[in-house]
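Treat the numbers as computed from the prediction; the structure is a model and nothing was measured. Note on naming: letters A, B, ... go to the chains in the order of the sequence lines (proteins, then strands), and numbering restarts at 1 for each one. Side chains are part of it too, since the values below use all heavy atoms of this structure and drop only hydrogens, waters and symmetry mates.
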Amino acid sequence: MEYNPCKIEKRWQKIWEELGIFKAKDFSKKPKFYILDMFPYPSAEGLHVGHPRGYIATDVFAHFMRRKGFNLLHPMGWDAFGLPTENYAIKTGIHPEIITRRNIKRMKKQLQMIGLSYDWSREINTTDPEYYKWTQFIFLLLYKMGLAYKATLPINWCPSCKTGLANEEVIEGKCERCGTEVTKKDLRQWVLKITAYANRLLKDLDLLDWPEQIKEMQRNWIGKSEGWEIVFNLKSQISKIKNKIPVFTTRTDTLFGCTYLVLAPEHQIISKLKSQISNFKSVERYIKESKKKTERERISEVKEKTGIEIRGIKAINPVNGRAIPIFVADYVLIHYGTGAIMAVPAHDQRDFDFARKYNLPVIEVIKPYYEKKESKKEAPLIVSDGRFDRAYEKEGILINSDRFTGMKSREARERIGEWLTKKNLAKKAVYFKLRDWIFSRQRYWGEPVPIVHCQKCGVVPLRKKDLPLKLPRIKKYLPTGTGESPLAAIKKWVQTICPKCGGSAKRETNTMPQWAGSCWYFIAYLLHKNKEFSWNRKKINYWLPVDLYVGGAEHAVLHLLYARFWTKVLYDAGLIKFKEPFLKLKTLGLILAPDGQKMSKSRGNVILPDEIIEKYGADAFRLYEMFMGPFDEAINWNIKGIIGTRRFLEKAWRLQEKVERQGTSDKRQDVRLEKLIHQTIKKVTEDIENFKFNTAISQLMILVNNLQSRDYSPQHIKTLLLLLAPFAPHLTEEIWQKYFIESSEFKAKNSIHNQPWPKYDPKLVKEEMITLVIQVNGKVRDRAKVEAGISEKKAKKLALSCEKIKKWIKGKEIKKVIFVPGKLINIVV
RNA sequence: GCCGAGGUGGUGAAACUGGAAAACACGUAGGAUUUAGGAUCCUAUGGCGAAAGCUUUGUGGGUUCAAAUCCCACCCUCGGCACCA
């Protein structure tokens with residue numbers, strides 16, 4: 001009886017599908033559990049061996065929860081709009097829809113080969129008009145709620161290709177295709193007011209069972225900072241008009257050390273003050289230069305900071321009345337705070353670097369307080385040749401600060417703030433790093449924005465009955481050259497009638513970004529095949545929110561934040577009853593190619609699951625993906641590892657020989673084995689619950705190794721199969737059906753995947769004998785087998801009587817004995 | 001640069017709350033079985049050492065009876081950085 005996975009696996013996959021044993025039932029007496037994968041992008045390359053890692057993990061978990069008695073929803077779909085497909089269409093002239101269909105077909109087949117227990121009857125596809133009518137519906141909702149607005153914002157622009165570029169298409173400031181230097185071009189774009197939800201997005205993180213590091217990344221991304229807005233009055237050499245510049249700071253305590261102001265190059269006041277700036281031409285040139293840089297280049301500390309002084313105008317430091325210079329420098333960003341900063345070179349490293357370059361004064365106003373011994377070695381300001389080497393950015397005690405000298409930073413911040421508030425030169429302010437979300441793309445392969453521009457009525461949203469607004473079929477996907485979407489070139493489509501006045505109007509030609517479809521897809525599985533276009537509250541309320549969400553950590557911020565944002569909007573609109581879409585989140589590590597690089601076609605290091613499964617079987621593949629390492633850490637693919645899991649399955653397979661010989665009634669007892677069985681149930685159960693699949697499998701390996709060399713009974717095999725089933729669903733079903741089911745006809749309820757999860761006896765899990773470690777001065781010198789409950793007295797007596805120990809403590813005085821029950825005894829001499 | 005994670009044998013890794021470093025697996029060596037090969041089974045396997053023993057968790061320091069685990073500094077690798085998804 002040889003183990004032949006190819007035959008077994010295909011057969012069971014077919015039977016399961018036909019009987020629909022993994023289909024979720026809407027509504028049930030059982031408690032519900034919704035487990036969701038981040039759905040894939042259907043790329044032309046198909047799945048490589050890295051993709052299924054998360055899918056296998058959710059599948060193991062889904063099997064486990066089903067067998068624990070939950071009504072389980074485990075669906076799958078496709079996030080199919082986006083750049084790669086569109087670029088492929090441009091290159092080949094094949095319509096993106098056809099490419100998408102082809103890619104989905106291929107990837108679905110790959111997923112099915114793995115034997116994943118998805119409910120395929122709920123499959124969704126974001127590019128299906130039946131899907132994106134809802135995406136458009138939600139956009140209209142955002143619009144009506146005042147959360148979608150138009151603004152003029154810059155995009156990356158290649159002057160040679162005459163096309164807008166995604167950040168990804170800009171390589172070191174140059175166009176990926178032609179190598180021309182990329183510039184910026186202003187366009188009217190749709191923007192979503194995610195900032196209106198900043199506080200709630202921040203606060204509600206506390207409700208979530210997510211990895212702490214992901215929450216931390218979101219917190220930093222939202223970037224709430226509480227501080228003060230401080231007004232600097234300006235003094236012009238030629239004009240009497242009073243102008244002022246507000247700056248935002250969290251460190252009012254350092255105000256006395258402020259020696260200059262810095263404006264972002266985009267700051268509006270610069271053009272306003274044009275007539276008073278004596279070197280305006282140079283300033284203008286600088287501003288133009290900085291437009292070429294990416295934001296990351298601008299704020300990077302590796303490259304030297306640049307800037308230019310605005311001559312002819314000075315700012316007045318409100319705390320001491322001193323006139324200080326004003327600079328324009330691109331390390332200050334327009335979309336954070338007020339777009340202007342007060343520079344305190346002694347206490348901010350960026351300001352310090354800038355000040356040193358332009359020879360600006362550095363005034364120290366905070367001194368570190370030395371508390372006790374530890375901070376002495378900190379020596380914050382290294383003074384060499386009488387100057388500072390670096391800025392001291394921490395808190396401390398104020399110096400050189402007039403009547404605030406001697407105060408602690410924290411107190412001084414409030415005092416100085418209040419003092420200036422009284423003089424009307426400051427107010428408390430809260431700023432977020434989070435920026436509104438630019439929601440339009442000048443592309444074809446995305447959801448059309450359901451808006452028309454009417455000459456009479458202006459911006460007019462479509463009505464629900466006008467949805468879906470379908471993407472028109474076009475022959476060319478090439479950019480228009482104007483920066484507009486290729487849709488703008490289809491006159492027949494663009495020209496339309498205003499839904500409000502019936503007059504002539506033009507359609508919005510921007511499309512939505514790929515994120516749009518993935519912001520609400522967890523709801524889409526419940527609206528599937530909903531021809532009436534009605535929001536199925538009953539199903540939504542039953543299944544949602546998602547109980548467990550699994551996907552890559554690379555989505556830590558954007559996708560997860562955007563989906564949370566839309567959920568809150570839908571909640572506010574009264575469409576859903578939950579405030580957070582994903583209660584529990586588990587992130588997974590990438591599987592890299594054997595060379596440690598990401599797998600990609602361009603690198604030529606892609607490994608396909610197809611060939612692996614054909615050679616070793618889906619069960620061995622599943623097992624290896626779970627066994628290869630901790631679930632949330634990145635790991636290199638190594639084909640050698642799968643040999644181990646295949647061998648393990650063969651060993652398990654061979655165990656049935658005895659059942660074959662002796663029948664299933666044999667009930668022999670082996671106390672040692674019985675204990676191991678119960679320990680294994682405990683370990684596997686707990687490890688699956690904690691996503692520690694690798695150690696669950698190693699425990700199963702230990703069990704199989706033991707069964708192999710001991711006098712096992714069929715009951716032991718039964719338990720083994722029940723525990724192994726989520727990992728190796730095909731092999732276990734095969735053996736299960738052969739020996740543990742009476743009828744020859746397959747019925748859903750007889751499937752191993754419908755058997756209850758085994759329970760362990762806590763009494764049998766405990767060990768009676770343990771190995772007591774005997775240490776002298778913390779070093780292991782001997783070991784002894786003792787009863788688990790040994791007392792300290794007995795242990796001490798035992799330890800001191802050991803020959804080896806006697807040798808080590810001979811002639812020395814015993815100072816202390818430390819006893820850790822059930823573990824060790826340490827004699828300190 | 002900023003934010004986040006990580007660094008343990010030849011390799012993937014394990015080690016719960018500070019308490020036996022290296023479970024499980026790959027690889028390698030030796031043996032059994034076999035006409036042979038493969039498969040399978042058994043034994044060994046961090047390093048140094050004949051052995052007693054010494055030593056070992058990126059580097060350096062610290063706390064502790066005891067540190068892979070806690071603290072400080074540094075080095076390296078990976079993920080994200082708002083138009084890739």
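- Between B/rG12 and A/Asn694, no contact under 4.0 Å exists linking OP1 or OP2 to a side-chain N or O.
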Using a 4.0 Å cut-off on protein heavy atoms (strictly under), produce a 5'-to-3' string for nucleotides 36-47 of chain B with B for base contact, S for backbone-only sugar-phosphate contact, and - for none.
----SS------
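- One P atom belongs to B/rA23, the other to B/rU33, and the distance between them is 29 Å to the nearest Å.
- Note on A/Lys804: every side-chain N or O is 4.0 Å or more away from OP1 and OP2 of B/rG53.
- A sub-4.0 Å separation between OP1 or OP2 of B/rU55 and a side-chain N or O of A/Lys779 is present.
- When the C1' atom is used for both B/rU55 and B/rA68, the distance is 16 Å, rounded to whole Å.
- Residue side chain A/Asn826 reaches the base of B/rC65 through a donor-acceptor N/O pair under 3.5 Å, judged by distance alone.
- Within the 4.0 Å cut-off from OP1 or OP2 of B/rA25, at least one side-chain nitrogen or oxygen of A/Asn705 is found.
- For A/Lys598 and B/rG80, the shortest distance from a side-chain N or O to OP1 or OP2 is below 4.0 Å.
- More than 12 heavy atoms of other residues, nucleotides or ligands shown are found within 6.0 angstrom of CD on A/Glu212.
- A/Lys433 is linked by a side chain to side chain donor-acceptor pair (under 3.5 Å) to nothing, counting only residues two or more places apart in sequence or in another chain.
- For the pair A/Arg441 and B/rC83, the criterion of a side-chain N or O lying under 4.0 Å from OP1 or OP2 is met.
- With hydrogens and angles left out, the side chain of A/Gln597 and the base of B/rC78 share no donor-acceptor pair within 3.5 Å.
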